[in-house]
Amino acid sequence: MTSAASRPASAPFGREHTDDLMSFLAASPSPYHAVANAAERLEKAGFRRVEETAAWDGTSGGKFVTRGGAIIAWYVPEGAGAHTPYRIVGAHTDSPNLRVKPQPDMGAQGWRQIAVEVYGGTLLNTWLDRDLGLAGRLTLRDGEHRLVNVDRPLLRVPQLAIHLDRGVNDGLKLDRQRHMQPVWGTGEVHEGDLIAFVAEEAGVDAEDVAGWDLMVHAVDAPAYLGRDRELVAGPRMDNLLSVHAAVAALTAVAGRADLPYIPVLAAFDHEENGSEADTGAQGPLLGTVLERSVYARGGSYEDRARAFAGTVCLSSDTGHAVHPNYAERHDPTHHPRVNGGPILKVNVNQRYATDGTGRAIFSAACEKAGVPWQSFVSNNDMPCGTTIGPITAARHGITTVDIGVAILSMHSARELCGAEDPYLLANALVAFLEG
(Lines give C-alpha, C1' and ligand atoms only; values in the text may rest on other atoms or scores of the structure.)
Protein backbone atom coordinates (compact mmCIF):
# COMPACT_ATOMS: atom_id res chain seq x y z
CA MET A 1 0.00 0.00 0.00
CA THR A 2 1.24 3.50 -0.81
CA SER A 3 2.00 5.46 2.35
CA ALA A 4 0.05 8.63 3.11
CA ALA A 5 3.23 10.70 2.86
CA SER A 6 3.98 9.46 -0.68
CA ARG A 7 0.49 9.96 -2.15
CA PRO A 8 -0.16 12.96 -4.41
CA ALA A 9 -2.44 15.69 -3.04
CA SER A 10 -5.16 14.53 -5.40
CA ALA A 11 -4.95 10.98 -3.99
CA PRO A 12 -5.29 11.32 -0.21
CA PHE A 13 -6.86 7.93 0.51
CA GLY A 14 -5.42 4.45 1.01
CA ARG A 15 -6.42 1.18 2.64
CA GLU A 16 -7.74 3.00 5.72
CA HIS A 17 -10.54 4.29 3.47
CA THR A 18 -11.67 0.70 2.84
CA ASP A 19 -11.56 0.01 6.58
CA ASP A 20 -13.82 3.01 7.08
CA LEU A 21 -16.14 1.89 4.28
CA MET A 22 -16.77 -1.34 6.13
CA SER A 23 -17.77 0.61 9.25
CA PHE A 24 -20.05 2.82 7.14
CA LEU A 25 -21.76 -0.18 5.55
CA ALA A 26 -22.35 -1.83 8.92
CA ALA A 27 -23.77 1.39 10.41
CA SER A 28 -26.10 2.06 7.44
CA PRO A 29 -28.70 -0.74 7.17
CA SER A 30 -31.25 1.60 5.57
CA PRO A 31 -31.14 4.72 3.36
CA TYR A 32 -32.18 6.78 6.40
CA HIS A 33 -29.21 5.54 8.41
CA ALA A 34 -26.89 6.17 5.46
CA VAL A 35 -28.09 9.78 5.24
CA ALA A 36 -27.75 10.28 8.99
CA ASN A 37 -24.20 8.90 8.93
CA ALA A 38 -23.25 11.01 5.91
CA ALA A 39 -24.69 14.11 7.61
CA GLU A 40 -22.71 13.40 10.77
CA ARG A 41 -19.48 13.16 8.78
CA LEU A 42 -20.25 16.38 6.94
CA GLU A 43 -20.98 18.24 10.17
CA LYS A 44 -17.68 17.08 11.64
CA ALA A 45 -16.00 18.54 8.54
CA GLY A 46 -17.65 21.93 9.15
CA PHE A 47 -20.70 21.65 6.90
CA ARG A 48 -23.95 22.98 8.29
CA ARG A 49 -27.46 21.70 7.76
CA VAL A 50 -29.94 24.03 6.04
CA GLU A 51 -33.68 23.45 6.04
CA GLU A 52 -35.66 23.48 2.82
CA THR A 53 -38.40 25.52 4.50
CA ALA A 54 -35.98 28.25 5.64
CA ALA A 55 -34.56 31.16 3.67
CA TRP A 56 -31.03 30.48 2.39
CA ASP A 57 -28.16 32.93 2.48
CA GLY A 58 -25.32 33.32 0.02
CA THR A 59 -22.46 32.75 2.41
CA SER A 60 -19.53 30.57 1.49
CA GLY A 61 -18.74 27.26 3.15
CA GLY A 62 -20.25 23.80 3.29
CA LYS A 63 -23.99 23.18 3.51
CA PHE A 64 -26.29 20.20 3.14
CA VAL A 65 -29.96 19.33 2.88
CA THR A 66 -31.56 16.03 3.86
CA ARG A 67 -34.93 14.66 2.84
CA GLY A 68 -35.77 11.12 3.89
CA GLY A 69 -33.23 8.82 2.28
CA ALA A 70 -31.62 11.56 0.16
CA ILE A 71 -28.89 14.09 0.91
CA ILE A 72 -27.49 16.96 -1.16
CA ALA A 73 -24.30 18.65 0.09
CA TRP A 74 -22.21 21.39 -1.49
CA TYR A 75 -19.24 23.63 -0.72
CA VAL A 76 -19.18 27.25 -1.91
CA PRO A 77 -15.59 28.58 -2.07
CA GLU A 78 -14.81 32.14 -1.04
CA GLY A 79 -15.44 34.50 -3.92
CA ALA A 80 -17.47 32.05 -6.01
CA GLY A 81 -19.66 33.90 -8.48
CA ALA A 82 -23.36 33.28 -8.94
CA HIS A 83 -22.60 31.65 -12.31
CA THR A 84 -19.85 29.33 -10.98
CA PRO A 85 -20.46 25.82 -12.38
CA TYR A 86 -20.88 22.73 -10.22
CA ARG A 87 -18.93 19.49 -10.09
CA ILE A 88 -21.37 16.83 -8.87
CA VAL A 89 -20.87 13.27 -7.68
CA GLY A 90 -24.20 11.46 -7.88
CA ALA A 91 -25.05 8.19 -6.12
CA HIS A 92 -27.94 6.42 -4.42
CA THR A 93 -28.59 5.25 -0.87
CA ASP A 94 -31.06 2.39 -1.44
CA SER A 95 -30.36 -1.29 -2.08
CA PRO A 96 -32.60 -4.22 -3.07
CA ASN A 97 -34.05 -5.93 0.00
CA LEU A 98 -37.24 -7.03 1.74
CA ARG A 99 -39.46 -4.30 3.21
CA VAL A 100 -42.18 -4.55 5.85
CA LYS A 101 -45.79 -4.24 4.70
CA PRO A 102 -48.40 -1.93 6.33
CA GLN A 103 -50.01 -4.88 8.14
CA PRO A 104 -46.91 -6.85 9.09
CA ASP A 105 -48.14 -9.45 11.57
CA MET A 106 -48.92 -12.80 9.97
CA GLY A 107 -48.25 -16.50 10.51
CA ALA A 108 -49.12 -20.09 9.67
CA GLN A 109 -48.82 -23.54 11.21
CA GLY A 110 -47.78 -22.18 14.58
CA TRP A 111 -45.08 -19.91 13.17
CA ARG A 112 -45.11 -16.13 13.66
CA GLN A 113 -44.05 -14.32 10.51
CA ILE A 114 -43.56 -10.81 9.16
CA ALA A 115 -45.25 -9.75 5.91
CA VAL A 116 -42.66 -8.27 3.56
CA GLU A 117 -42.63 -6.86 0.04
CA VAL A 118 -39.72 -7.36 -2.36
CA TYR A 119 -37.94 -4.05 -3.07
CA GLY A 120 -35.96 -3.63 -6.28
CA GLY A 121 -34.25 -6.31 -8.32
CA THR A 122 -33.34 -8.54 -5.41
CA LEU A 123 -31.43 -11.81 -5.72
CA LEU A 124 -34.06 -13.65 -3.70
CA ASN A 125 -32.07 -16.78 -2.90
CA THR A 126 -29.40 -14.73 -1.08
CA TRP A 127 -31.92 -13.90 1.65
CA LEU A 128 -32.62 -17.55 2.44
CA ASP A 129 -31.31 -19.20 5.64
CA ARG A 130 -29.53 -16.02 6.70
CA ASP A 131 -29.72 -14.29 10.08
CA LEU A 132 -31.59 -11.03 9.51
CA GLY A 133 -32.13 -7.83 11.44
CA LEU A 134 -34.64 -5.02 10.97
CA ALA A 135 -33.97 -1.31 10.46
CA GLY A 136 -35.49 1.91 9.14
CA ARG A 137 -37.46 4.76 10.57
CA LEU A 138 -40.61 5.30 12.58
CA THR A 139 -42.83 8.33 12.00
CA LEU A 140 -44.42 9.60 15.20
CA ARG A 141 -47.77 11.35 15.53
CA ASP A 142 -46.07 14.74 15.94
CA GLY A 143 -44.24 14.25 12.61
CA GLU A 144 -40.89 13.44 14.16
CA HIS A 145 -38.84 10.62 12.68
CA ARG A 146 -36.99 8.11 14.84
CA LEU A 147 -34.33 5.79 13.42
CA VAL A 148 -34.32 2.19 14.62
CA ASN A 149 -31.83 -0.60 14.04
CA VAL A 150 -32.33 -4.10 15.44
CA ASP A 151 -28.88 -5.30 14.42
CA ARG A 152 -29.03 -8.83 15.76
CA PRO A 153 -30.54 -12.13 14.56
CA LEU A 154 -34.29 -11.52 14.59
CA LEU A 155 -35.70 -12.96 11.35
CA ARG A 156 -35.00 -15.79 8.94
CA VAL A 157 -36.44 -16.87 5.59
CA PRO A 158 -36.15 -20.67 5.85
CA GLN A 159 -35.54 -22.65 2.70
CA LEU A 160 -37.38 -25.88 2.04
CA ALA A 161 -35.24 -28.93 2.86
CA ILE A 162 -33.82 -30.89 -0.07
CA HIS A 163 -35.72 -33.96 1.16
CA LEU A 164 -38.96 -32.13 0.30
CA ASP A 165 -37.70 -30.72 -3.01
CA ARG A 166 -35.37 -33.22 -4.64
CA GLY A 167 -34.99 -31.08 -7.76
CA VAL A 168 -33.92 -27.92 -5.98
CA ASN A 169 -30.32 -28.14 -7.20
CA ASP A 170 -31.57 -28.35 -10.77
CA GLY A 171 -33.21 -24.96 -10.49
CA LEU A 172 -34.63 -23.06 -7.53
CA LYS A 173 -37.83 -21.12 -8.23
CA LEU A 174 -39.10 -18.84 -5.47
CA ASP A 175 -42.60 -17.39 -5.29
CA ARG A 176 -42.19 -13.82 -4.03
CA GLN A 177 -45.48 -13.88 -2.15
CA ARG A 178 -45.46 -17.36 -0.62
CA HIS A 179 -41.79 -18.18 -0.08
CA MET A 180 -40.15 -14.93 1.10
CA GLN A 181 -42.05 -14.17 4.33
CA PRO A 182 -39.55 -14.48 7.23
CA VAL A 183 -40.27 -16.17 10.56
CA TRP A 184 -39.49 -14.48 13.85
CA GLY A 185 -40.96 -16.83 16.43
CA THR A 186 -43.68 -19.30 17.28
CA GLY A 187 -47.14 -19.04 18.78
CA GLU A 188 -50.24 -17.01 18.15
CA VAL A 189 -50.21 -13.99 15.88
CA HIS A 190 -51.33 -10.71 17.45
CA GLU A 191 -51.91 -7.56 15.45
CA GLY A 192 -49.49 -4.82 16.48
CA ASP A 193 -46.79 -7.14 17.85
CA LEU A 194 -44.04 -6.12 15.44
CA ILE A 195 -44.53 -2.37 15.75
CA ALA A 196 -44.79 -2.66 19.54
CA PHE A 197 -41.46 -4.50 19.53
CA VAL A 198 -39.78 -2.03 17.18
CA ALA A 199 -41.14 0.96 19.12
CA GLU A 200 -39.63 -0.45 22.30
CA GLU A 201 -36.31 -0.89 20.52
CA ALA A 202 -36.49 2.76 19.43
CA GLY A 203 -37.43 3.98 22.91
CA VAL A 204 -40.87 5.31 22.01
CA ASP A 205 -44.43 4.33 22.88
CA ALA A 206 -46.15 2.15 20.31
CA GLU A 207 -49.24 4.39 20.55
CA ASP A 208 -47.13 7.29 19.25
CA VAL A 209 -46.10 5.46 16.07
CA ALA A 210 -48.17 6.67 13.13
CA GLY A 211 -46.15 5.17 10.28
CA TRP A 212 -43.01 3.21 9.47
CA ASP A 213 -40.50 2.49 6.73
CA LEU A 214 -38.79 -0.71 7.84
CA MET A 215 -36.60 -3.16 5.98
CA VAL A 216 -34.68 -6.37 6.52
CA HIS A 217 -30.88 -6.56 6.51
CA ALA A 218 -28.25 -9.28 6.94
CA VAL A 219 -26.52 -8.95 10.31
CA ASP A 220 -23.18 -10.57 9.41
CA ALA A 221 -20.54 -7.84 9.40
CA PRO A 222 -18.49 -6.74 6.37
CA ALA A 223 -15.19 -8.60 6.22
CA TYR A 224 -11.95 -8.87 4.29
CA LEU A 225 -11.77 -12.05 2.24
CA GLY A 226 -9.02 -14.01 0.52
CA ARG A 227 -5.56 -15.27 1.34
CA ASP A 228 -4.11 -11.76 1.14
CA ARG A 229 -7.26 -9.94 2.24
CA GLU A 230 -7.52 -8.40 -1.21
CA LEU A 231 -11.33 -8.66 -1.34
CA VAL A 232 -14.17 -7.22 0.74
CA ALA A 233 -17.50 -8.97 1.29
CA GLY A 234 -20.37 -6.94 2.66
CA PRO A 235 -23.92 -5.64 2.22
CA ARG A 236 -25.25 -2.66 0.29
CA MET A 237 -22.09 -1.89 -1.68
CA ASP A 238 -24.57 -1.05 -4.43
CA ASN A 239 -24.49 1.77 -3.79
CA LEU A 240 -23.24 2.89 -0.38
CA LEU A 241 -19.70 2.30 -1.62
CA SER A 242 -20.18 5.33 -3.88
CA VAL A 243 -21.98 7.38 -1.23
CA HIS A 244 -19.12 6.81 1.21
CA ALA A 245 -16.48 7.69 -1.40
CA ALA A 246 -18.37 10.85 -2.39
CA VAL A 247 -18.66 12.06 1.21
CA ALA A 248 -14.95 11.43 1.74
CA ALA A 249 -14.02 13.25 -1.47
CA LEU A 250 -16.26 16.24 -0.77
CA THR A 251 -14.92 16.73 2.75
CA ALA A 252 -11.36 16.35 1.43
CA VAL A 253 -11.69 19.25 -1.04
CA ALA A 254 -13.84 21.51 1.17
CA GLY A 255 -11.92 24.51 2.41
CA ARG A 256 -9.62 24.82 -0.58
CA ALA A 257 -9.58 28.40 -1.76
CA ASP A 258 -8.63 27.74 -5.38
CA LEU A 259 -11.57 25.58 -6.42
CA PRO A 260 -12.87 26.64 -9.87
CA TYR A 261 -16.14 24.77 -9.32
CA ILE A 262 -18.64 24.24 -6.51
CA PRO A 263 -18.26 20.58 -5.47
CA VAL A 264 -21.53 18.74 -4.77
CA LEU A 265 -22.64 15.39 -3.38
CA ALA A 266 -26.08 14.20 -4.53
CA ALA A 267 -27.18 10.89 -3.00
CA PHE A 268 -30.72 9.88 -3.93
CA ASP A 269 -33.16 7.24 -2.71
CA HIS A 270 -35.29 4.82 -4.78
CA GLU A 271 -32.84 4.33 -7.65
CA GLU A 272 -33.45 0.60 -7.49
CA ASN A 273 -37.11 1.00 -8.50
CA GLY A 274 -36.86 3.76 -11.08
CA SER A 275 -36.01 6.96 -9.14
CA GLU A 276 -39.61 8.22 -9.34
CA ALA A 277 -39.96 9.77 -5.89
CA ASP A 278 -39.53 13.15 -4.25
CA THR A 279 -36.20 11.81 -2.96
CA GLY A 280 -35.26 10.16 -6.27
CA ALA A 281 -33.21 11.43 -9.18
CA GLN A 282 -36.40 11.85 -11.24
CA GLY A 283 -37.63 14.38 -8.67
CA PRO A 284 -36.81 18.09 -8.48
CA LEU A 285 -34.58 17.98 -5.37
CA LEU A 286 -31.16 18.39 -6.99
CA GLY A 287 -32.26 21.07 -9.43
CA THR A 288 -34.03 23.01 -6.69
CA VAL A 289 -30.97 22.95 -4.44
CA LEU A 290 -28.61 24.07 -7.20
CA GLU A 291 -30.94 26.85 -8.31
CA ARG A 292 -31.50 28.10 -4.76
CA SER A 293 -27.74 28.23 -4.27
CA VAL A 294 -27.38 30.39 -7.37
CA TYR A 295 -30.15 32.73 -6.30
CA ALA A 296 -28.94 32.91 -2.69
CA ARG A 297 -25.65 34.25 -4.03
CA GLY A 298 -27.52 37.01 -5.83
CA GLY A 299 -27.72 35.30 -9.18
CA SER A 300 -30.29 35.61 -11.94
CA TYR A 301 -31.83 33.06 -14.28
CA GLU A 302 -29.00 33.90 -16.67
CA ASP A 303 -26.49 32.98 -13.97
CA ARG A 304 -28.35 29.75 -13.35
CA ALA A 305 -28.22 28.87 -17.06
CA ARG A 306 -24.49 29.65 -17.23
CA ALA A 307 -23.78 27.58 -14.12
CA PHE A 308 -25.69 24.56 -15.41
CA ALA A 309 -24.07 24.81 -18.85
CA GLY A 310 -20.63 24.41 -17.26
CA THR A 311 -21.64 21.71 -14.78
CA VAL A 312 -20.47 18.09 -14.91
CA CYS A 313 -21.87 15.16 -12.94
CA LEU A 314 -20.15 11.84 -12.29
CA SER A 315 -22.91 9.29 -11.72
CA SER A 316 -21.09 6.78 -9.51
CA ASP A 317 -22.68 3.34 -9.18
CA THR A 318 -21.36 -0.19 -9.02
CA GLY A 319 -20.90 -2.23 -12.19
CA HIS A 320 -20.18 -5.84 -13.09
CA ALA A 321 -16.71 -7.29 -12.64
CA VAL A 322 -15.98 -10.19 -14.97
CA HIS A 323 -17.26 -13.36 -13.33
CA PRO A 324 -14.84 -16.31 -13.41
CA ASN A 325 -17.65 -18.86 -13.74
CA TYR A 326 -19.76 -16.96 -16.27
CA ALA A 327 -17.27 -15.06 -18.44
CA GLU A 328 -19.48 -15.69 -21.52
CA ARG A 329 -22.12 -13.36 -20.04
CA HIS A 330 -19.75 -10.39 -20.39
CA ASP A 331 -18.63 -8.50 -23.49
CA PRO A 332 -15.65 -10.46 -24.83
CA THR A 333 -13.42 -7.38 -25.16
CA HIS A 334 -14.41 -5.67 -21.89
CA HIS A 335 -13.59 -7.64 -18.74
CA PRO A 336 -13.36 -5.25 -15.76
CA ARG A 337 -11.40 -6.78 -12.89
CA VAL A 338 -11.57 -6.10 -9.19
CA ASN A 339 -8.71 -3.95 -7.88
CA GLY A 340 -8.24 -2.65 -11.42
CA GLY A 341 -9.56 0.81 -10.61
CA PRO A 342 -12.94 2.44 -11.27
CA ILE A 343 -14.88 1.66 -14.42
CA LEU A 344 -16.20 3.99 -17.10
CA LYS A 345 -19.65 2.71 -18.06
CA VAL A 346 -20.70 3.10 -21.69
CA ASN A 347 -23.93 2.27 -23.51
CA VAL A 348 -24.71 3.89 -26.85
CA ASN A 349 -28.44 3.48 -26.23
CA GLN A 350 -28.13 5.89 -23.29
CA ARG A 351 -28.69 3.42 -20.48
CA TYR A 352 -25.50 5.13 -19.31
CA ALA A 353 -24.91 8.81 -20.05
CA THR A 354 -21.20 8.62 -20.94
CA ASP A 355 -19.97 10.00 -24.25
CA GLY A 356 -16.53 10.93 -25.59
CA THR A 357 -16.50 14.22 -23.71
CA GLY A 358 -17.28 12.42 -20.49
CA ARG A 359 -14.53 9.89 -21.13
CA ALA A 360 -12.03 12.74 -21.49
CA ILE A 361 -13.17 14.36 -18.22
CA PHE A 362 -13.02 11.10 -16.27
CA SER A 363 -9.69 9.95 -17.68
CA ALA A 364 -8.16 13.34 -16.85
CA ALA A 365 -9.31 13.05 -13.23
CA CYS A 366 -7.88 9.53 -12.94
CA GLU A 367 -4.60 10.62 -14.51
CA LYS A 368 -4.33 13.52 -12.08
CA ALA A 369 -4.93 11.19 -9.14
CA GLY A 370 -2.64 8.45 -10.45
CA VAL A 371 -5.58 6.04 -10.53
CA PRO A 372 -5.96 3.25 -13.12
CA TRP A 373 -9.36 2.90 -14.76
CA GLN A 374 -11.27 0.43 -16.94
CA SER A 375 -14.14 0.45 -19.43
CA PHE A 376 -17.40 -1.45 -19.05
CA VAL A 377 -19.81 -2.31 -21.87
CA SER A 378 -22.61 -4.86 -21.67
CA ASN A 379 -22.72 -7.95 -23.88
CA ASN A 380 -24.95 -7.13 -26.85
CA ASP A 381 -27.11 -10.16 -26.06
CA MET A 382 -27.74 -8.98 -22.49
CA PRO A 383 -30.08 -6.14 -21.48
CA CYS A 384 -28.13 -3.28 -19.98
CA GLY A 385 -29.04 -1.85 -16.59
CA THR A 386 -29.18 1.87 -15.97
CA THR A 387 -28.39 4.47 -13.30
CA ILE A 388 -29.26 7.98 -12.22
CA GLY A 389 -26.88 9.20 -14.96
CA PRO A 390 -29.25 9.45 -17.95
CA ILE A 391 -31.99 10.82 -15.68
CA THR A 392 -29.68 13.54 -14.35
CA ALA A 393 -28.46 14.48 -17.83
CA ALA A 394 -31.96 14.68 -19.29
CA ARG A 395 -33.69 16.38 -16.35
CA HIS A 396 -31.11 19.09 -15.71
CA GLY A 397 -29.36 19.39 -19.08
CA ILE A 398 -25.92 18.85 -17.60
CA THR A 399 -22.98 16.79 -18.86
CA THR A 400 -23.07 13.44 -17.06
CA VAL A 401 -20.61 10.56 -16.97
CA ASP A 402 -21.39 7.08 -15.63
CA ILE A 403 -18.64 5.46 -13.58
CA GLY A 404 -18.33 3.14 -10.58
CA VAL A 405 -16.56 0.18 -9.00
CA ALA A 406 -16.67 -3.33 -10.45
CA ILE A 407 -18.17 -5.91 -8.07
CA LEU A 408 -19.50 -9.47 -8.03
CA SER A 409 -22.84 -10.64 -6.60
CA MET A 410 -24.60 -7.37 -7.40
CA HIS A 411 -28.03 -7.12 -5.72
CA SER A 412 -27.17 -9.96 -3.36
CA ALA A 413 -27.69 -9.59 0.37
CA ARG A 414 -23.88 -9.67 0.49
CA GLU A 415 -21.74 -8.36 -2.37
CA LEU A 416 -18.01 -8.60 -3.21
CA CYS A 417 -15.47 -5.99 -4.33
CA GLY A 418 -11.72 -5.51 -4.42
CA ALA A 419 -10.18 -3.98 -1.31
CA GLU A 420 -8.28 -1.36 -3.34
CA ASP A 421 -11.13 -0.14 -5.53
CA PRO A 422 -13.02 1.89 -2.88
CA TYR A 423 -10.07 4.19 -2.23
CA LEU A 424 -9.07 4.32 -5.89
CA LEU A 425 -12.59 5.59 -6.61
CA ALA A 426 -12.42 8.13 -3.79
CA ASN A 427 -9.09 9.48 -5.06
CA ALA A 428 -10.49 9.83 -8.58
CA LEU A 429 -13.49 11.73 -7.16
CA VAL A 430 -11.19 14.12 -5.30
CA ALA A 431 -9.34 14.95 -8.50
CA PHE A 432 -12.65 15.41 -10.35
CA LEU A 433 -14.09 17.75 -7.69
CA GLU A 434 -10.90 19.79 -7.68
CA GLY A 435 -11.34 20.38 -11.40
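Taking every heavy atom of both residues into account, A281 and I391 meet most closely at O-CG2, 3.4 Å. F64 and A39 get closest at one heavy-atom pair: CE1-CB, 3.6 Å. Nearest approach of A360 to S363, heavy atoms of both residues: O-OG, 3.1 Å. When all heavy atoms of P31 and T93 are compared, the pair lying nearest together is CB-OG1, 3.3 Å. I398 and T400 make their closest contact through O-OG1, 3.1 Å (heavy atoms, listed as atom of the first residue, atom of the second, distance). Contact between G120 and P96 at its shortest, heavy atoms only, is C-CB, 4.4 Å.
Residues H411 and E272 have side chains that bring a donor and an acceptor to within less than 3.5 angstrom of each other. For the residue pair R49/T66, the side-chain donor-acceptor check at 3.5 Å is satisfied. At a cut-off of 3.5 Å, with distance as the only test, a side-chain donor of S242 or N239 sits close to an acceptor on the other residue. Side chains of N339 and R337: a donor-acceptor N/O pair is absent below 3.5 angstrom, by distance only.
Between the T126 side chain and the L123 main chain, a donor and an acceptor come within less than 3.5 Å of each other. At distances below 3.5 Å, at least one donor-acceptor pair connects side-chain atoms of N37 with backbone N or O atoms of A27. At distances below 3.5 Å, not a single donor-acceptor pair connects side-chain atoms of T122 with backbone N or O atoms of L124.
For CD of E191, the number of neighbouring non-hydrogen atoms (other residues, nucleotides, ligands) closer than 6.0 Å is 12 at most. Other residues, nucleotides and ligands contribute more than 12 heavy atoms inside 6.0 Å of the CD atom of E144. Q350 CD: more than 12 foreign heavy atoms inside a 6.0 Å radius. For CG of N380, the number of neighbouring non-hydrogen atoms (other residues, nucleotides, ligands) closer than 6.0 Å is 12 at most. Residue E117 qualifies as open at atom CD: its count of foreign heavy atoms under 6.0 Å is 12 or below.
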Stepwise side chain to side chain contact (heavy atoms under 4.5 Å, CB included) check, T18 with V232: CA-CA 9 Å; T18 304; V232 174; 3.7 Å; yes
Stepwise side-chain hydrogen bond (donor to acceptor under 3.5 Å, both in side chains) test for D94 and Y119: CA-CA 10 Å; D94 61 318; Y119 177 85; 2.6 Å; yes
Derivation of the side chain to side chain contact (heavy atoms under 4.5 Å, CB included) call for R87 and I262: CA-CA 6 Å; R87 280 281 172 112; I262 295 173; over 6 Å; no
Criterion side-chain hydrogen bond (donor to acceptor under 3.5 Å, both in side chains) on D402 and T387, from CA distance to verdict: CA-CA 8 Å; D402 271 295; T387 68; 2.6 Å; yes
Intermediate values then yes/no, side chain to side chain contact (heavy atoms under 4.5 Å, CB included), L172 and L128: CA-CA 12 Å; L172 173 64; L128 302 178; 3.9 Å; yes
Pair I403-I343, side chain to side chain contact (heavy atoms under 4.5 Å, CB included): steps then yes or no: CA-CA 5 Å; I403 66 162; I343 56 175; 6.0 Å; no
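Annotation: the span from T251 atom OG1 to L42 atom CG amounts to 7.0 Å, rounded to 0.5 Å. Here the CE atom belonging to M237 is positioned 13.5 Å from the CG atom belonging to D317, to the nearest 0.5 angstrom. Taken from CG in D238 to CZ in R236, the straight-line distance is 12.0 Å, to the nearest 0.5 Å. The distance from the CG atom of D208 to the CG atom of D142 is 7.5 Å, given to the nearest 0.5 Å. With values rounded to the nearest 0.5 angstrom, E415 atom CD is found 4.0 Å from I407 atom CD1. Summarising the geometry, atom CD belonging to Q181 is positioned 9.5 Å from atom CD1 belonging to I114; distances are rounded to the nearest 0.5 Å.
Taking the six-membered ring where the residue is Trp, the centroids of H92 and F268 are separated by 6.0 Å or more. Aromatic ring centroids of F47 and W74 lie 6.0 Å or more apart.
Using a 4.5 Å heavy-atom threshold, the side chains of V312 and F432 count as touching. The closest side-chain heavy-atom distance from H323 to L408 is below 4.5 Å. Between L286 and T288 the shortest side-chain heavy-atom distance does not fall below 4.5 Å. Between M106 and V116, every side-chain heavy-atom pair lies at or beyond the 4.5 Å cut-off. Under the 4.5 Å side-chain criterion, counting only non-hydrogen atoms from C-beta, Y352 is in contact with C384. Residues F362 and P342 have side chains in contact (heavy-atom distance under 4.5 Å, counting atoms from C-beta outward). At a threshold of 4.5 Å between non-hydrogen side-chain atoms, the residues D331 and S378 do not count as touching. Side-chain contact between R359 and V401 is absent, with no heavy-atom pair separated by less than 4.5 Å.
The aromatic rings of F376 and H320 are tilted relative to each other, their planes meeting at an angle between 30° and 60°. Under the 30°/60° scheme for interplanar angles, the aromatic rings of H244 and H17 are found to be tilted.
A salt bridge links E52 and R67; the closest N-O separation between the charged side-chain nitrogens and carboxylate oxygens is under 4.0 Å.
The residue from L290, L433, V289 that alone fulfils the side-chain contact (heavy atoms from CB on, under 4.5 Å) condition with Y86 is L290.
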Enumerate donor-acceptor pairs with a distance under 3.5 Å from any side-chain N or O in residues 209-227 to protein atoms, sequence neighbours excluded.
unit_1, atom_1, unit_2, atom_2, d
D213, OD2, R137, NE, 3.1
H217, NE2, D151, OD1, 3.0
D220, OD2, R130, NH1, 3.1
Y224, OH, R15, NE, 3.3
Y224, OH, D19, OD1, 2.4

